[in-house]
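For reference, the structure is listed below as structure tokens.
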Number of protein chains: 2
Amino acid sequence: MDAYQTIKESIIIGKYRPGMRLTEEFLAGELNVSRTPIREVLKQLESEGLLTPLRRGMIVRSFSKEDIRQIYDLRTLLEGYAAGQAALFRTPTDLQQMREANRLYEQVMDQKDPEEISSILKIVRANQHFHEAIHVASHNEHLRFHISKVVVLPLVFQSFYWYDRLERIRSLESHQTILEAIENRDSERARIAMHEHIYQGRDKVLKHLDELSMEDLKEGKND
Amino acid sequence: MDAYQTIKESIIIGKYRPGMRLTEEFLAGELNVSRTPIREVLKQLESEGLLTPLRRGMIVRSFSKEDIRQIYDLRTLLEGYAAGQAALFRTPTDLQQMREANRLYEQVMDQKDPEEISSILKIVRANQHFHEAIHVASHNEHLRFHISKVVVLPLVFQSFYWYDRLERIRSLESHQTILEAIENRDSERARIAMHEHIYQGRDKVLKHLDELSMEDLKEGKND
DNA sequence: CTCAATTTAATTGTATACAAAAAATGTGTG
DNA sequence: CACACATTTTTTGTATACAATTAAATTGAG
């Protein structure tokens, strides 16, 4: 795995926590490369919105509730549109890809150690496959390109991290609903179903944030 | 002006034409800096979609008619949404900024030498000011961030380059229509007016491309 | 002891050298 | 003359040194 993927994944899974400062030298040491390739990775991750530039160096971006609302509003808009377009323009191959992605999701849905990070990552990736199959099926390269930048993987990871078995099943079911709408060329239905599906993920992240701040209050961590 | 702005503007105004190959060494010589800062600029411009990576080096991206349709569909979706949100959440300051931008546009609209590149750039910037004022007024940082990446400046430049006086006036008028809707907190009206306004720009670019290929046909340049 | 000024350390920005990879050129053979 | 193969040149990727900038620590005055 190259430097970009390694650092990105560390941010996604929270090994580098929000607010943590990342210096070029530190990362260069961590990955045993010089600062030159690290610099490029940092610039890249900044443009993806995963890092916030400081006057000196970068910190891992943290997302407020308002950030999450805004990001997910955007996702519903763009991915909803993509689902609608996919319903209009999908090819048989596109449909096959979506079905395949859902099969994969079913396989990895309940694994031995569902708390393990690598298990969560597998589920996240299967989920991504389905969504990306729809983006491809929209047959709009630019839409695809920009959606990939709107989707903030650390948040997606979080929502799946906190999903229990029932919620995973419900997520798969909504995938099936979206898929059916696209099969039936029902554009508006596909858009709305995707809209709702994404808001479910948003609500999970928001709810978890609430629970966290509740606990903080109990423990008197109100600073 | 720094390396990033210099190179970006050269692409926008077409000094570096679509398809032209840009090597690090060439640009380093051109701007009298070393390759290091140039590399970062190239990566940045690639992520903005202005450059296409080759196996070795980059070429200036060229946009097909299909690209243009897709890009402008995205713009209508996002900027339309932004206009709608602006109608709901705008503050008095926001409105002031929009009015100010339109005043500026009126000032630079008919200048001495309207064919001159710097004149066109002034109009493009005034136009940008109005649009950005709306993005700010939507009070959604993430929406703003992503719209800035969806708007492809070389295409905006082109559409204004080919606008005649009447079309510039019409463009200002549609700004006024959008502004009124936002003043009246008429969200849906603002969204639709913005939608239509952006499609006008798209059509100009597409029409000009048509005229170009017509001329090519006449001159027997069908290769 | 507190705060400002100055010094010191940490960190990024840029240039440059060299290694690695790809593209272009040249050469010989059928 | 076309084409495969070897050679040269171009161009990018990485490491590293040093300059410029910012943050941290220290010192001294009030």
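This is a predicted model, so every value here is computed, not measured. The sequence lines fix the lettering, A, B, ..., with proteins before strands; numbering per chain opens at 1.
In summary, the side chains of Y199(B) and D73(B) do present a donor paired with an acceptor at a separation below 3.5 Å, with no hydrogens or angles considered.
Screening residues 39-64 of chain B for ring pair (Phe, Tyr, Trp, His ring centres under 6.0 Å) gives no qualifying pairs among residues at least two apart or on separate chains. Listed by first then second residue, pairs satisfying salt bridge (Lys or Arg N to Asp or Glu O under 4.0 Å) with a partner in residues 128-140 of chain A number zero, not counting sequence neighbours. The salt bridge (Lys or Arg N to Asp or Glu O under 4.0 Å) pairs that include a residue from residues 37-48 of chain A are K8(A)-E48(A), E24(A)-R39(A), R39(A)-E40(B), E40(A)-R39(B), E40(A)-K43(B), K43(A)-E40(B), where partners are two or more places apart or lie in different chains.
The CG-C1' distance, from L54(A) to dT22(D), rounds to 11 Å in whole Å. If you measure from atom CE of M58(B) to atom P of dT12(D), you get 9 Å, rounded to the nearest angstrom. If you take CG of L42(B) and P of dT11(D), they are 14 Å apart, rounded to a whole angstrom. In this structure, CD of E25(B) is placed 8 Å from P of dT12(D), rounded to the nearest angstrom. Rounded to whole Å, atom P of dT10(D) lies 19 Å from atom CG of L22(B).
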Mark up nucleotides 13-22 of chain C, 5' to 3', with B wherever a protein heavy atom is under 4.0 angstrom from a base atom, S wherever such an atom reaches only the sugar-phosphate, and - elsewhere.
BBBB---BBS

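Considering only residues two or more places apart in sequence or on other chains, E79(A) meets the side chain to side chain donor-acceptor pair (under 3.5 Å) condition with R75(A), H131(A), H135(A). By the side chain to side chain donor-acceptor pair (under 3.5 Å) test, R202(A) is found to be paired with no residue, residues two or more places apart in sequence or in another chain being considered. Taking F160(B) as the reference, Y163(B) meet the ring pair (Phe, Tyr, Trp, His ring centres under 6.0 Å) condition, with sequence neighbours excluded. Under the ring pair (Phe, Tyr, Trp, His ring centres under 6.0 Å) criterion, H129(A) pairs with no residue, sequence neighbours left out.
Taking five base pairs at each end of the helix from dC1(C)-dG30(D) to dG30(C)-dC1(D) and finding the rotation axis that steps the C1' atoms of four pairs onto the next four gives two axes whose angle is 10°, to the nearest 10°.
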